[in-house]
Number of protein chains: 2
Amino acid sequence: MIDAKNVTISDSEWEVMRALWTMGKPTSRELIDAMAGLKGWSASTTKTLLHRLIEKGAVNKIGAARPFVYQAEVGEAPSMVAAANDLFDHMCAMRAGATIASVIESRELSKNDIAKLQSILAEKAKTAPEKVECNCLPGHHMCKEVDDDG
Amino acid sequence: MIDAKNVTISDSEWEVMRALWTMGKPTSRELIDAMAGLKGWSASTTKTLLHRLIEKGAVNKIGAARPFVYQAEVGEAPSMVAAANDLFDHMCAMRAGATIASVIESRELSKNDIAKLQSILAEKAKTAPEKVECNCLPGHHMCKEVDDDG
DNA sequence: CTTGATGGTTTACAATCGTAGCCGATAAGT
DNA sequence: ACTTATCGGCTACGATTGTAAACCATCAAG
């Protein structure tokens with residue numbers, strides 16, 4: 001369940017969105033085939049998910065004639081950012097640094113990506129606090145130091 | 001639904017885990033009060049979630065006598081990392097850089113966090129590719145360039 | 001010993017999700 | 001025109017989730 005533009009998109013629906021973002025304006029057939037290949041879903045499954053996404057306003061059905069094409073209504077990048085924020089909003093602020101570190105370590109990033117991140121970090125370093133406070137239970141700072149991974 | 005240690009922990013359950021991680025080994029009463037304060041849940045709701053987490057093996061009931069204490073069985077940091085990986089595994093590899101950038105921009109990070117990230121990035125820069133390929137539909141690279149946020 | 005508080009266990013129930021079959025309309029082939 | 005393959009809509013159904021009440025056991029107080 002990931003939130004993008006105030007609607008809740010389920011995991012399976014999310015997969016359909018991914019395909020839609022990649023394919024642009026596919027017909028249902030193209031989408032069905034793609035999902036069949038990617039996830040092994042039956043045609044009905046993809047159709048259902050597509051319909052639910054339309055109901056939720058995350059996808060548009062375009063055209064008047066019979067082979068409609070479908071298009072994502074919510075953008076890919078904003079949805080990614082929303083999903084990531086949703087995740088980090090639900091973890092202790094103290095853990096964000098270590099978690100980001102782990103993500104960076106495990107992902108493939110281009111030279112350009114890295115340069116951008118470095119520049120953001122350099123800027124951020126200027127005003128960074130010595131320590132981030134735990135925000136788990138308001139008023140208390142009960143989280144232990146970060147490195148007790150267990 | 002976030003995956004940590006091969007069990008699926010739902011959103012609400014996740015909130016309970018957060019409290020457990022913060023509180024350590026609370027009694028059910030303490031936990032119930034915390035969740036009532038944080039989320040406005042009734043005692044029953046917290047009890048149900050706690051039970052489901054125990055069934056799922058994510059939480060341990062400790063003690064033999066009547067006021068048991070409860071403890072998270074899965075660690076906080078690994079769960080965070082698992083959740084983050086889960087998220088990034090389900091987005092186009094091309095988008096990872098921009099998404100991480102947005103996360104870094106919106107989070108509070110300590111000087112130490114930043115230094116650590118900078119060191120990881122410096123290391124990673126040595127072997128970084130010029131460009132990350134789209135991995136959305138295998139065999140094709142259909143994703144547009146990253147900066148068409150819309 | 002009865003009683004009530006406190007904590008633990010079962011049951012409930014509507015909403016959403018994952019997964020998919022079936023049906024009706026329309027377009028295409030013969 | 002008649003049959004058939006497609007496409008889109010409706011129906012289905014068990015599992016999980018969010019939310020919580022009801023019930024039961026046990027300990028302490030009277």
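As the structure is a prediction and not an experimental result, all values here were calculated from the model. Chain A is the first sequence line, chain B the second, and so forth, proteins listed ahead of strands; every chain is numbered from 1.
The base of dT10(C) is not paired with the side chain of Arg52(B) by any donor and acceptor separated by under 3.5 Å. With hydrogens and angles ignored, no donor-acceptor pair closer than 3.5 Å exists between the side chain of Arg29(B) and the base of dG8(C).
A search for side chain to side chain contact (heavy atoms under 4.5 Å, CB included) contacts involving Glu108(A) returns Pro129(B), Val132(B), not counting sequence neighbours.
For Ser28(A) and dC7(D), the shortest distance from a side-chain N or O to OP1 or OP2 is not below 4.0 Å. Within the 4.0 Å cut-off from OP1 or OP2 of dA22(D), not a single side-chain nitrogen or oxygen of Ser44(B) is found. The side chain of Lys39(B) contributes no N or O atom lying less than 4.0 Å from OP1 or OP2 of dA20(D). The side chain of Thr45(A) places no N or O atom within less than 4.0 Å of a non-bridging phosphate oxygen (OP1 or OP2) of dG18(C). Listed pair Trp41(B) / dG18(D) fails the phosphate criterion, with no side-chain N or O lying under 4.0 Å from OP1 or OP2. In this structure, Thr48(A) does not reach the dG18(C) phosphate: none of its side-chain N or O atoms is under 4.0 Å from OP1 or OP2. At the phosphate of dC7(D), neither OP1 nor OP2 sits under 4.0 Å from any side-chain N or O atom of Tyr70(A). Residue Thr27(A) places none of its side-chain N or O atoms closer than 4.0 Å to OP1 or OP2 of dC7(D).
Taking every heavy atom of both residues into account, Trp14(B) and Ile9(B) meet most closely at N-CG2, 3.6 Å. Taking both residues in full, the closest heavy atoms of Leu109(A) and Ala128(B) are given as O-CB, 3.5 Å, listed atom of the first, atom of the second, then distance.
Listed by chain and number, the hydrophobic cluster partners of Ile62(B) are Val69(B), where partners are ILVMFWY side chains within reach of under 4.5 Å, directly or through others.
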Under 3.5 Å, sequence neighbours excluded: what are the donor-acceptor pairs made by side chains of residues 43-51 of chain B?
from     : atom 1 : to       : atom 2 : distance (Å)
Thr45(B) : OG1    : Ser42(B) : OG     : 3.3
Thr48(B) : OG1    : Ser44(B) : O      : 3.0

Contacts table for residues 31-41 of chain B: side-chain donor-acceptor under 3.5 angstrom, sequence neighbours left out:
none

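In this structure, of dT17(D), dC17(C), dG8(C), it is dT17(D) that holds the atom nearest to the side chain of Thr8(B).
Glu13(B) and Lys56(B) are joined by a salt bridge, as a carboxylate oxygen and a charged side-chain nitrogen come within less than 4.0 angstrom of each other. Ion pair Arg95(B)/Asp113(A) not flagged as a salt bridge, since none of the NZ, NE, NH1 or NH2 atoms sits closer than 4.0 Å to an Asp/Glu carboxylate oxygen.
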Dump every N/O contact between nucleotides 23-28 of chain D and the protein below 3.5 Å, one line per pair.
from    : atom 1 : to       : atom 2 : distance (Å)
dA25(D) : N3     : Arg66(B) : NH2    : 3.0

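Comparing the axis of the opening five pairs of the helix from dC1(C)-dG30(D) to dT30(C)-dA1(D) with that of the closing five pairs yields an angle of 20°, rounded to 10°.
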